[in-house]
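Quick notes on the structure that follows.
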Amino acid sequence: MISSLLVANRGEIACRIFRTCHASGIRTVAVHSDADENALHARVADATVRLPGTAPADTYLRGDLIVKAALNAGADAVHPGYGFLSENPDFARAVLDAGLVWIGPSPEAIEAMASKTRAKKLMGLEPLTDVTEADLPVLVKAAAGGGGRGMRIVRHLEDLEAELTAARAEALSAFGDGEVFVEPYLEGGRHVEVQILADTHGTVWTLGTRDCSLQRRHQKVIEEAPAPGLSPELTDSLYAMSVRAARAVDYVGAGTVEFLVSGDRAHFLEMNTRLQVEHPVTEALFGLDLVALQIRAAEGHALENDPARARGHAVEARLYAEDPAHSWTPQTGTLHRLTVPDGIRLDTGYTDGDDIGVHYDPMLAKAVVHAPTRAEALRTLAGALERAVIHGPTTNRDLLVRSLRHEEFTTARMDTGFYDRHLTDLTTPTPDPYAPLAAALADAHGRSRFGGWRNLPSGPQTKRYALAGEEHEVHEVEYHHTRAGLTAEGVRVVHADATRVVLEVDGVRRKFEVSRHGDQVYVNNTALTALPHFPDPTAQHAPGSLLAPMPGTVVRLAEGLTEGAQVEAGQPLLWLEAMKMEHKITAPATGTLTALHAAPGLQVEVGTLLAVVEDR
């Protein structure tokens with residue numbers, strides 16, 4: 001029996017595994033980088049071990065240090081979570097060689113399936129070798145790992161070599177393995193997968209299907225179970241192929257077989273020999289704890305002949321610290337507050353006050369809902385996210401809410417190109433027009449017992465806020481007490497204090513919860529930035545300045561890029577690596593590159609001047 005378990009991972013998945021361990025009476029051990037010393041997963045574990053001497057981005061790839069940590073902490077088992085070393089057969093082998101229990105399939109099974117090229121050959125498929133125009137579009141993929149890293153769609157043959165180079169660099173950084181391959185890319189397909197669970201006694205469960213078609217940068221955003229609209233015949237075919245894949249490698253534990261579904265055809269993509277990020281929707285659907293079942297399988301326990309019966313529908317949304325409207329740019333900063341309504345499962349690796357750094361994936365949390373029907377599940381999750389309190393870096397919350405309510409999604413007509421078609425509409429800001437007034441009233445009340453608003457005609461004060469890229473001014477106005485109460489800017493002020501404002505507009509009372517963290521003001525779900533009374537002239541940059549949109553490292557410049565070069569608007573100039581992914585930085589205008597401050601290896605912060613392009 002396992003009595004102490006080390007999780008070779010961080011963040012949300014480490015916390016989620018620890019939760020099952022604590023409920024099962026298993027002691028827990030966390031490992032952490034220097035950047036994660038105060039991270040939630042390190043705080044909730046029974047014991048922690050610092051992984052020394054490595055860069056934060058690479059710490060969790062050091063299998064030798066992790067095995068040593070497990071032995072030093074007295075752990076008798078290692079769970080890899082997902083990502084990092086979870087599909088690395090050498091790491092699994094090292095864990096077993098050290099006399100520890102490995103929570104997962106055998107190294108041989110991982111070896112057979114962790115490389116997507118070998119997995120395809122096992123399933124009788126071959127990757128493309130000599131790509132021609134007739135093969136386009138194609139998909140470049142990393143042979144190891146997942147999560148969209150090292151993945152590129154290529155629609156023009158002349159772009160293939162550059163995308164292969166970029167994919168290799170990204171895969172090497174994320175997984176320590178730069179092997180990539182090319183396969184056909186099917187436009188309009190759905191991403192469907194089957195959850196399997198197998199024991200050491202020959203039993204293989206198929207725990208339903210999941211649809212993960214809503215993706216950005218080939219990373220899943222919204223997942224649901226079961227996958228809607230599949231015929232019984234297609235579902236049975238997916239189950240049969242999944243069981244065949246599992247039995248081909250004597251699989252043990254939890255795994256996922258992924259397919260691209262087009263019409264009634266299913267195309268095998270890969271088998272992930274680990275727990276998936278989206279496993280909670282399957283847990284909700286079947287009423288199971290997959291982590292507990294993983295542990296039982298590793299201990300040699302037999303599964304029952306038949307799994308539990310699926311009931312209802314489950315949907316999960318991934319909350320990312322990113323700006324979908326601006327190329328999904330990762331965001332950093334302090335997460336001041338994150339709460340969701342009761343009844344919603346929230347898997348997260350953060351608590352209020354934690355810092356969101358640049359070294360790791362920007363996922364903040366996963367919100368999961370289970371309901372009797374798909375329509376009820378989508379409606380409940382959309383409403384819960386809409387009412388969630390999220391104070392901190394920009395997130396994709398509004399995108400998630402709008403996606404869950406989009407007709408193409410609610411009618412199950414989505415595919416993997418959903419965001420390619422609808423991103424602009426889904427990210428068009430709709431700021432609350434009364435948010436600046438509510439912020440000004442709350443701020444004024446916090447400064448004065450009279451609420452800050454005065455009836456003197458001279459010397460009015462002005463509050464300035466940035467909201468959705470625009471500046472808003474709220475002027476101190478004359479008011480007087482009447483039976484109707486205070487009035488401001490044509491709106492009746494029913495109540496105003498430092499944290500709560502009630503306005504009456506056309507007979508309808510609206511409530512605004514207001515909080516402030518530095519110059520950031522949050523009015524319900526609207527985030528504003530309080531601006532100084534007078535703009536800072538030193539904060540201005542010359543026209544055509546290219547500023548870093550995120551903190552990160554310059555990994556490379558466009559070939560032959562030098563000062564004096566002629567560039568076109570949108571032309572790639574350099575690439576930044578942040579949160580284990582590369583981000584293409586393009587020319588802000590057509591013109592001459594008059595200054596180039598970026599160089600490979602340069603560490604930059606948000607707003608760092610990278611280059612200047614003067615208009616022609």
Side-chain angles (χ1 to χ4, degrees), residues 1-107 110-111 114 145 174-177 252-254 273-275 291-292 294-300 349-351 354-355 357 359-361 580:
M1 294 289 287
I2 293 170
S3 61
S4 178
L5 182 146
L6 179 145
V7 174
N9 218 296
R10 65 175 301 279
E12 171 268 325
I13 186 58
C15 293
R16 187 265 168 273
I17 296 167
F18 289 157
R19 189 165 64 245
T20 288
C21 289
H22 291 156
S24 304
I26 298 173
R27 294 190 301 275
T28 55
V29 181
V31 290
H32 66 82
S33 65
D34 288 340
D36 276 343
E37 182 177 5
N38 296 311
L40 182 61
H41 78 277
R43 301 201 300 268
V44 301
D46 297 318
T48 61
V49 180
R50 172 180 173 267
L51 299 178
T54 56
D58 300 327
T59 300
Y60 300 97
L61 295 175
R62 288 292 303 273
D64 56 335
L65 297 181
I66 293 172
V67 170
K68 182 179 178 181
L71 295 173
N72 289 345
D76 46 29
V78 172
H79 194 303
Y82 54 70
F84 295 120
L85 295 172
S86 62
E87 293 178 285
N88 186 307
D90 292 335
F91 177 58
R93 199 169 284 116
V95 169
L96 293 169
D97 289 345
L100 302 168
V101 177
W102 169 252
I103 309 296
S106 69
I110 297 174
E111 208 151 33
F175 312 117
D177 184 343
V252 174
T273 54
R274 55 172 168 82
L275 200 65
V291 173
Q294 281 186 296
I295 294 172
R296 284 183 56 80
E299 291 176 328
Y350 296 98
T351 55
D354 285 351
D355 287 329
H359 302 294
Y360 306 109
D361 186 272
K580 304 297 286 183

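Quick note: residue numbers are just sequence positions, from 1.
In this structure, R27 CZ and C21 SG are separated by 11.5 Å, a value rounded to the nearest 0.5 Å. In this structure, CZ in R19 is found 11.5 Å from OG in S24, a value given to the nearest 0.5 Å. Rounded to the nearest 0.5 Å, atoms CZ (F18) and CG (L6) are 7.0 Å apart. For the atom pair CZ (R274) and CG (N88), the distance works out to 13.0 Å, reported to the nearest 0.5 Å. With rounding to the nearest 0.5 Å, the separation of CD1 in I26 from CG in D76 is 8.5 Å. Taking NE2 of H359 as the reference point, atom OG1 of T59 lies at 9.0 Å (rounded to 0.5 Å).
Considering V49, T48, L5 as possible partners of V29, the one that fulfils the side-chain contact (heavy atoms from CB on, under 4.5 Å) test is V49.
In this structure, N72 contributes its side chain and A69 its backbone to no donor-acceptor pair below 3.5 Å. A donor-acceptor pair under 3.5 Å links the side-chain atoms of E87 to the main chain of T273, judged by distance alone. Between the side chain of T20 and the backbone N or O of I17, no donor-acceptor pair lies under 3.5 Å. Panel note: side chain N9, backbone Y82; a donor-acceptor pair is recorded below 3.5 Å. Panel note: side chain R43, backbone N38; a donor-acceptor pair is recorded below 3.5 Å. Side chain of H41 to backbone of V31: a donor-acceptor contact under 3.5 angstrom is found.
Looking only at side-chain heavy atoms (C-beta outward), V67 and F91 come within less than 4.5 Å of each other. Residues P80 and L85 fail the side-chain proximity criterion, which asks for heavy atoms closer than 4.5 Å. Between L51 and I66, some side-chain heavy-atom pair lies under the 4.5 Å cut-off.
Annotation for E37: atom CD does not count as buried by contact number, only 12 or fewer foreign heavy atoms lying within 6.0 Å.
A35 and P56 get closest at one heavy-atom pair: CB-CB, 4.0 Å. The heavy-atom pair separating I110 from A92 by the smallest distance is CD1-CB, 3.9 Å. For A298 against I103, the heavy-atom pair with the smallest separation is CB-CD1, 3.6 Å. A75 approaches S4 most closely through the heavy-atom pair CA-OG, 3.6 Å. The shortest non-hydrogen separation linking A77 to L100 is N-CD2, 4.4 Å. The two residues P107 and P89 come nearest to each other via the heavy atoms O-CB, 3.5 Å.
For D36, the side-chain hydrogen bond (donor to acceptor under 3.5 Å, both in side chains) partners at least two apart in sequence or on another chain are R10, Y60. The salt bridge (charged side-chain N to carboxylate O under 4.0 Å, His left out) test applied to D64 returns R62, not counting sequence neighbours. In this structure R296 satisfies the salt bridge (charged side-chain N to carboxylate O under 4.0 Å, His left out) test with no other residue, sequence neighbours excluded.
No hydrogens or angles considered: a donor-acceptor pair under 3.5 Å links the side chains of T28 and D46.
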